[in-house]
Amino acid sequence: MSDPRLHGYWRSGAAYRVRLALGLKGITYRQVTHDLRKGAQDDPAYRRLAPQGLVPVLEADGLTLTQSPAILEWIEERWPAPPLLPPDRDGRAAVRAMAALIGCDVHPLNNLRVLQKLRSDFSASESQVNGWIAHWISEGFSALEVLVGRYGEGLCHGDRPSLADCYLVPQLYSAERFGVDLTPYPRLRAIGARMAALPAVQAAHPARQPDGEG
């Protein structure tokens, strides 16, 4: 069986979270990069793989998988060890809720196509765009800080990496990139530091990708 093939873009938070999951599970994979800034997602060949023209896409086991939440759940079922979901039903629900907080309510509002729309259709200045980004990250992180206090023991849930951590790490990267003040979120910052010490997490960092820029 050939290695899975991950289509992505170095700064894509959704692709980043898939890289993290694959790395934490020790899965070898190949990367195909698409420069979203240059419209590579609109190439007809790529649109045949991903009708929305979004990243990531994972090609594995003869399947073409889209949408990072579905990809991550598939990875968890396909390679269950080490697990990225808790063994109990209640714990799994908590992890999925924290992941959805970022994946549904924060990240989509701050991805490239939304920011481009703010600039092109609403003439938003860069300071306004940065304010938009900071608002939605802060809204989400304020809630997540509470949930981590409820469920975490060093990481988002308990003391082992979970899907929630795979969502958090890329969002922390985005927050730092756009200069969002993270002082109010000591638990989230501590998780970011603990995750950053793991070799699999280091390897998934955007700057270390084939198309990455330092």
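Numbers for residues simply follow the sequence, beginning at 1. Below, each value reflects all heavy atoms present in this structure, side chains not excepted, and no hydrogens, waters or symmetry copies.
Annotation: side chain of Pro4 is not in contact with side chain of Arg30 (no heavy-atom distance under 4.5 Å). A heavy-atom distance below 4.5 Å is found between the side chains of Gln171 and Val106.
Residues Leu65 and Val32 fall into different hydrophobic clusters, defined by Ile, Leu, Val, Met, Phe, Trp and Tyr side chains chained together at heavy-atom separations under 4.5 Å. When the side chains of ILVMFWY residues are joined at heavy-atom separations under 4.5 Å, either directly or via intervening members, Leu49 and Trp74 end up in a single hydrophobic cluster. When hydrophobic clusters are built by joining Ile, Leu, Val, Met, Phe, Trp and Tyr residues whose side-chain heavy atoms come closer than 4.5 Å, directly or via intermediates, Leu54 is not grouped with Tyr16.
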Go through the steps for His107 and Tyr167 under the test ring-ring contact (aromatic ring centres under 6.0 Å, His included), then give the verdict.
CA-CA 9 Å; His107 175 256; Tyr167 278 79; 8.6 Å; no
Leu20 and His205: side-chain contact (heavy atoms from CB on, under 4.5 Å), yes or no, with the steps?
CA-CA 9 Å; Leu20 285 165; His205 192 279; over 6 Å; no
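Of the possible donor and acceptor atoms, none in the side chain of Asp211 sits under 3.5 Å from a partner among the backbone N and O of Thr33. Proximity of a side-chain donor or acceptor of Glu77 to a complementary backbone N or O of Leu72 within less than 3.5 Å is not detected. Remark: side-chain polar atoms of Asp90 are not paired, donor with acceptor, to backbone N or O of Ala93 under 3.5 angstrom. No donor-acceptor pair closer than 3.5 Å links the side chain of Lys25 to the backbone N or O of Ile75. Side-chain atoms of Gln31 do not come within 3.5 Å of backbone N or O of His7 as any donor-acceptor pair. Of the possible polar contacts, one joining the Ser120 side chain to the Gln116 backbone as a donor-acceptor pair under 3.5 Å is found. Arg5 contributes no side-chain N or O that, together with a main-chain N or O of Leu58, makes up a donor-acceptor pair within less than 3.5 Å.
Taking both residues in full, the closest heavy atoms of Val95 and Ala164 are given as CG1-N, 3.7 Å, listed atom of the first, atom of the second, then distance. Between Ser125 and Gln128 the shortest heavy-atom distance is N-OE1, 2.8 Å. Annotation for Leu36 and Gln41: closest pair CA-OE1, 3.2 Å, computed over non-hydrogen atoms. When all heavy atoms are compared, the tightest approach of Arg187 to Gly149 is NE-CA, 3.5 Å. Minimum interatomic distance between Pro161 and Leu84 (heavy atoms only, all atoms of both residues): O-CD2, 3.5 Å. Taking every heavy atom of both residues into account, Pro108 and Val114 meet most closely at O-CG2, 3.2 Å.
Atom CG of Leu168 is separated from atom CE of Met195 by 8.0 Å, given to the nearest 0.5 angstrom. With rounding to the nearest 0.5 angstrom, the CG atom of Leu112 is 6.5 Å from the OH atom of Tyr9. Distance check, rounded to the nearest 0.5 Å: CD of Glu145 to CD1 of Ile191 gives 8.0 Å. Expressed to the nearest 0.5 Å, how far CG of Leu163 lies from CG of Leu85 amounts to 4.5 Å. Summarising the geometry, atom CG belonging to Asp121 is positioned 12.5 Å from atom CZ belonging to Arg119; distances are rounded to the nearest 0.5 Å. Note that the CG atom of Leu155 and the CG atom of Asp165 stand 4.5 Å from one another [nearest 0.5 Å].
Annotation: Arg160, atom CZ; neighbour count of heavy atoms from other residues, nucleotides and ligands within 6.0 Å does not exceed 12. Heavy atoms of other residues, nucleotides or ligands lying less than 6.0 angstrom from CZ of Arg37 number more than 12. The environment of CZ in Arg113 is sparse: at most 12 heavy-atom neighbours from other residues, nucleotides or ligands sit within 6.0 Å.
Partners of Pro56 by side-chain contact (heavy atoms from CB on, under 4.5 Å), not counting sequence neighbours, listed by chain and number: Leu6, Ala14, Ala15, Val18, Ser68, Ile71.
Classification of the Tyr46-His34 ring pair by plane angle, with boundaries at 30° and 60°, yields tilted.
Each of Arg11, Arg17, Arg19 was checked for a side-chain contact (heavy atoms from CB on, under 4.5 Å) with Pro170, and the lone residue meeting it is Arg17.
Legend: ring-ring contact (aromatic ring centres under 6.0 Å, His included) pairs involving residues 110-142, not counting sequence neighbours, sorted by first then second residue: Trp132-Trp136, Phe141-Tyr185.
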